[in-house]
Amino acid sequence: MLIINQYDIPDYMTIYTKLYDLYGPQGWWPLQEIDDVKPDKTGAKKGYHPMIYNLPETRNQRFEIILGTLLTQNTAWTSAEKALKNLKKLDVIAPEKILSLDTETLKTAIKCAGFLNQKANYIKTISEFFINLNGEIPTRKELLSVKGVGNETADSILLYAYKQPFFVVDAYTRRIFTQLKLVNEEDSYLEIKNQFERNLPHDHKLFNEYHALIVEHAKRYYSKKPYAVNDPLIDQNTR
DNA sequence: AACCAGGACGTGA
DNA sequence: TCACGTCATGGT
C-alpha cells in the first residue's frame with residue numbers, strides 16, 4: 001500500500017540526479033561549429049558539447065546564444081537552428097552586422113523559425129542593447145526592459161550566455177513539476193523559479209544541466225497528451 | 001487535420 | 001494582476 005504524502009515527494013536535487021543518470025550531460029547552450037556532430041533522433045543523444053562549461057568564450061558566441069534564445073521562443077529548436085545557420089551563412093552573427101543588415105533579408109533568413117516580423121524586430125533591438133553593454137553583464141531588470149525579452153528569455157540569457165546562476169523555467173518545467181506535485185499549476189513563473197533557486201546550490205553548471213535535462217525529459221514524456229505516461233520519475237501506480 | 005514547438009506582447013477587465 | 005487573442009512556420 002502506497003500512501004502519497006509530503007515525505008514521498010522527492011526533492012529538487014534528487015530529481016536532478018535521476019535525470020542526469022538517465023540522460024547524462026546535455027552540453028547546452030548549443031553553439032554552431034562546436035556542435036558539428038548532431039545527436040541522432042533515436043534517443044541516443046549525448047548532448048551538444050557535454051561536460052564543457054567554459055562556453056561561450058567569445059563575444060560572438062555570447063551573441064549567438066542570445067539570438068538563439070529569441071529565435072527559439074515558442075518554436076522548435078531545430079527551426080531556430082536553421083535560422084541561425086542562415087544567419088551564419090550571411091556572416092551576420094555579430095550585433096553590428098545585424099544592425100547593418102537589411103530588415104527584409106533578416107526576415108527571409110529567420111522565416112523558418114516563425115514570428116518573423118516580431119523576431120526580426122527583437123533581434124535588431126537586442127543587437128543595439130548588446131553593443132551598449134560594452135561587455136558588461138546585464139541585470140535581469142535591464143534584460144526585461146528589452147522588447148522581446150520576457151522572464152524565461154532573460155534567465156536563459158543570464159544563465160547560458162553569461163554563466164550566471166539564474167534558473168530557467170519553461171512550459172516543460174511547469175508540466176513535469178506539476179505532475180511531481182512540487183509546484184501548482186497556477187504558480188507564477190517567478191514562484192517556480194524561486195522555488196528551484198531556494199532548493200538548489202547556486203551553481204551555473206547545475207542550473208545549466210538541470211534545465212537542459214528537463215527539456216530532454218519533457219520531449220520524451222511530456223510533449224503529447226496524456227502527459228507522464230511511463231515517466232520513470234513517477235510511480236506509475238499512483239498517476 | 002489538429003496540435004505542438006526550449007514565449008512575449010498588447011489589450012481589456 | 002490576469003486571462004485572452006495574436007504572432008507564423010514547420011513537423012507529426
Side-chain angles (χ1 to χ4, degrees), chain A residues 16 19 23 25-32 35 38-43 45 47-49 64-87 103-104 106-126 129 140-161 166-178 184-194 196 207-229:
Chain A
Y16 171 77
L19 291 174
Y23 310 123
Q26 298 299 296
W28 275 35
W29 187 279
L31 281 167
Q32 298 186 74
D35 307 314
K38 304 315 297 177
D40 60 66
K41 56 185 297 184
T42 62
K45 167 175 163 160
Y48 296 92
H49 44 264
E64 179 184 322
I65 292 173
I66 292 173
L67 291 182
T69 64
L70 293 175
L71 287 168
T72 196
Q73 287 176 359
N74 202 41
T75 302
W77 174 250
T78 50
S79 298
E81 196 174 39
K82 285 174 191 166
L84 279 173
K85 267 182 191 160
N86 292 339
L87 294 176
T103 301
E104 289 309 310
L106 176 58
K107 286 183 183 175
T108 304
I110 67 173
K111 185 166 80 76
C112 53
F115 306 104
L116 67 165
N117 295 305
Q118 305 185 34
K119 285 181 180 176
N121 194 14
Y122 295 166
I123 285 172
K124 287 276 190 181
T125 305
I126 209 161
F129 173 81
R140 191 169 193 277
K141 193 171 184 180
E142 286 171 339
L143 282 169
L144 289 174
S145 73
V146 180
K147 190 170 291 184
V149 178
N151 278 311
E152 184 185 340
T153 305
D155 289 328
S156 292
I157 290 173
L158 287 165
L159 178 59
Y160 290 106
F166 286 72
F167 201 90
V168 176
V169 175
D170 66 347
Y172 288 150
T173 310
R174 183 182 298 274
R175 250 176 240 174
I176 294 176
F177 286 80
T178 299
N184 300 107
E185 183 63 46
E186 67 273 14
D187 286 348
S188 71
Y189 180 97
L190 289 180
E191 284 171 334
I192 299 177
K193 165 193 169 64
N194 290 336
F196 275 89
F207 286 11
N208 175 323
E209 291 293 359
Y210 207 155
H211 174 63
L213 287 165
I214 285 171
V215 172
E216 176 59 28
H217 187 66
K219 280 177 175 170
R220 297 168 185 246
Y221 300 101
Y222 291 82
S223 20
K224 52 181 180 293
K225 294 180 180 178
Y227 297 145
V229 176

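Just so it is clear, the model here is predicted, and its values are computed rather than measured. All heavy atoms count here, side chains included; hydrogens, waters and symmetry mates do not. Each chain gets a letter, A, B and so on, in the order its sequence line appears, and its residues count up from 1.
- Formation of a donor-acceptor pair under 3.5 Å by the A:Glu216 side chain with backbone atoms of A:Tyr23 is not found in this model.
- On the P atoms, C:dA8 is 24 Å away from B:dA1, given to the nearest whole Å.
- The distance from atom CG of A:Asn121 to atom OG1 of A:Thr103, rounded to the nearest 0.5 Å, is 8.5 Å.
- Heavy atoms only, all atoms of each residue included: A:Tyr160 and A:Ile65 are closest at O-CD1, 3.4 Å.
- In this model, the phosphate group of C:dG11 is approached by a side-chain N or O of A:Lys82 to a distance below 4.0 Å at OP1 or OP2.
- The CD-P distance, from A:Glu81 to B:dA5, rounds to 18 Å in whole Å.
- Following rounding to the nearest Å, A:Leu190 (CG) and C:dT1 (P) show an atom-to-atom distance of 10 Å.
- Across A:Glu209 and A:Tyr16, no two heavy atoms sit closer than the pair CB-OH, 3.4 Å.
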Query raised in the report: Which parts of nucleotides 7-13 of chain B does protein reach within less than 4.0 Å, heavy atoms only, written one letter per nucleotide 5' to 3' as B for base, S for sugar-phosphate only and - for none?
Result: BSSS---
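- For A:Glu104 and A:Lys107, the salt-bridge test passes: some basic side-chain N is under 4.0 Å from an acidic carboxylate O.
- For A:Arg175 and B:dC4, the shortest distance from a side-chain N or O to OP1 or OP2 is not below 4.0 Å.
- Rounding to whole angstrom units, NZ of residue A:Lys219 and P of B:dC3 are separated by 22 Å.
- A straight line from OH of A:Tyr222 to P of B:dA5 spans 13 Å, rounded to a whole angstrom.
- Using cut-offs of 30° and 60° on the angle between ring planes, the pair A:Phe196 and A:Phe177 is perpendicular.
- Look at CD on A:Glu185: it is 11 Å from P on C:dA3, rounded to the nearest Å.
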Requested in this report: Determine, step by step, whether A:Glu81 and A:Lys85 satisfy the salt bridge (charged side-chain N to carboxylate O under 4.0 Å, His left out) criterion, reporting the C-alpha distance in whole Å, the side-chain angles of both residues, the deciding distance to 0.1 Å, and the verdict.
Outcome: CA-CA 6 Å; A:Glu81 196 174 39; A:Lys85 267 182 191 160; 5.2 Å; no
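- In this entry the distance linking CG of A:Asp187 with C1' of C:dT1 reads 15 Å, nearest Å.
- For the pair A:Asn117 CG and C:dT9 C1', the interatomic distance rounds to 12 Å; values are reported in whole Å.
- Rounded to whole Å, the distance from CD1 on A:Ile110 to P on C:dT9 is 11 Å.
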